[in-house]
There are 2 protein chains.
Amino acid sequence: MKLELPIALSNRHIHLSQGDLEVLFGEGYELTHMRDLSQPGQYACEERVDVVGPKNTIKGVRVLGPTRSNTQLEVSISDAFKLGVEPVIRNSGDIKGTPGAKIVGPKGEVEIEEGIIVAARHIHMHTKDGEKFGVKDNDIVKVKTEGPRAVLFENVLIRVDDNFALEMHVDIEEGNAAGVKNGDIVELIK
Amino acid sequence: MKLELPIALSNRHIHLSQGDLEVLFGEGYELTHMRDLSQPGQYACEERVDVVGPKNTIKGVRVLGPTRSNTQLEVSISDAFKLGVEPVIRNSGDIKGTPGAKIVGPKGEVEIEEGIIVAARHIHMHTKDGEKFGVKDNDIVKVKTEGPRAVLFENVLIRVDDNFALEMHVDIEEGNAAGVKNGDIVELIK
């Protein structure tokens with residue numbers, strides 16, 4: 001049986017801590033919901049910030065909600081080169097020792113010491129999907145795409161949680177390298 | 001025995017016909033050699049042009065020499081979306097029916113009817129490399145990369161010629177998706 005699931009391409013985005021949000025947008029500020037994302041409880045916000053790196057600024061980086069305990073900026077390798085910071089492949093939340101930058105909002109700016117990552121490719125799945133696919137949280141699998149730019153992605157992290165929906169996440173460069181679009185079906189290979 | 005070869009990441013660039021070169025840079029104009037590329041006889045030029053698509057302009061696209069029989073613009077999928085043209089994966093030279101755009105140089109501009117491609121990943125090799133690797137011109141192989149972003153590229157075209165040097169060519173998005181840099185060693189798999 002083929003183990004199939006949808007893929008989604010993540011553009012650059014930032015998760016903010018409540019503290020940083022208030023420095024950037026004003027005291028007591030709350031994020032403005034724009035649209036739900038595929039993962040339950042996650043949403044894109046109307047808010048955007050500018051990221052000032054050692055080399056260049058990337059303007060209008062989308063904020064995702066809700067706020068988190070630590071501010072985390074997720075970029076592509078090309079974005080990292082443009083900013084002038086080392087591209088560091090990390091799993092979400094694992095930001096220790098990663099590069100920082102200046103984040104600029106309409107009401108203030110904050111210099112983050114760390115938090116810029118190139119997100120490692122991963123698959124979100126609900127606990128029942130984990131059972132169906134025969135994999136568990138933190139497993140590493142491969143994923144195969146079809147078409148003229150077909151690739152086999154190795155080192156794909158499995159994330160299993162009762163709050164996750166079945167979807168593989170790659171960044172724009174990975175998605176384009178494989179010639180896939182949001183919602184395309186890919187194959188998990190154990 | 002592992003079949004190993006170096007990989008190189010191609011940024012967006014344009015090959016110009018002599019006719020288009022003269023429209024863009026002036027009558028009788030000749031390209032200015034900046035540096036040799038890895039393929040014998042090919043070179044990056046001092047000249048740059050702007051490409052005006054239906055949606056956006058990409059400025060400062062590097063011209064590669066020597067001139068060719070047809071003008072051909074090679075971009076990434078992200079570049080194609082930025083310009084506002086359909087990203088069409090093609091082998092170099094196979095431009096029939098591909099999108100066009102307005103090319104702007106310092107002395108004039110030219111509207112190309114076709115010629116914008118997203119270059120299909122391929123391997124250049126000398127005839128003696130073809131014998132050593134046991135492959136021939138137009139064969140399709142796979143290529144494996146190493147590291148945290150390891151991928152297996154499928155549908156890799158083999159190009160064998162006495163004027164070619166051994167090297168795999170991918171675009172920036174493919175290279176970053178695989179986490180490879182210019183000169184990294186990859187493995188050909190038949």
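Proteins come first, then strands; the chains are lettered A, B, ... in the order of their sequence lines, and each starts at number 1.
In terms of heavy-atom proximity, B/D171 sits nearest to A/R149 at OD2-NH2, 2.9 Å. Of all non-hydrogen atoms in A/A177 and B/E173, the two that sit nearest each other are CB-O, 3.7 Å.
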Carefully, step by step, assess B/E154 and A/T145 under the rule side chain to side chain contact (heavy atoms under 4.5 Å, CB included). CA-CA 10 Å; B/E154 305 207 41; A/T145 75; over 6 Å; no

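The number of heavy-atom neighbours closer than 6.0 Å to CD of A/E111, taken from other residues, nucleotides and ligands shown, is above 12. Annotation for A/E4: atom CD counts as buried by contact number, over 12 foreign heavy atoms lying within 6.0 Å. In the displayed structure, A/E46 atom CD is contacted under 6.0 Å by more than 12 heavy atoms of other residues, nucleotides or ligands.
Cluster annotation: A/V186 is connected to A/V135 through the hydrophobic network of ILVMFWY side chains, with a link wherever side-chain heavy atoms come within less than 4.5 Å. A/I117 and A/I172 fall into different hydrophobic clusters, where Ile, Leu, Val, Met, Phe, Trp and Tyr residues are linked whenever their side-chain heavy atoms come under 4.5 Å apart, directly or through other members. When the side chains of ILVMFWY residues are joined at heavy-atom separations under 4.5 Å, either directly or via intervening members, B/V170 and B/L5 end up in a single hydrophobic cluster. When hydrophobic clusters are built by joining Ile, Leu, Val, Met, Phe, Trp and Tyr residues whose side-chain heavy atoms come closer than 4.5 Å, directly or via intermediates, A/V160 is grouped together with A/L166. Both A/M125 and A/I7 belong to a single network of hydrophobic side chains, linked directly or stepwise wherever heavy atoms of I, L, V, M, F, W or Y lie under 4.5 Å apart.
B/L152 has its side chain out of reach of A/K144: every pair of non-hydrogen atoms, C-beta onward, lies at least 4.5 Å apart. Taking the side chain as every heavy atom from C-beta outward, B/E174 and A/V151 never approach each other to under 4.5 Å.
Interface residues of residues 63-100 of chain B toward chain A, defined by a heavy-atom distance below 4.5 Å and sorted by number: B/I77, B/S78, B/F81, B/I89.
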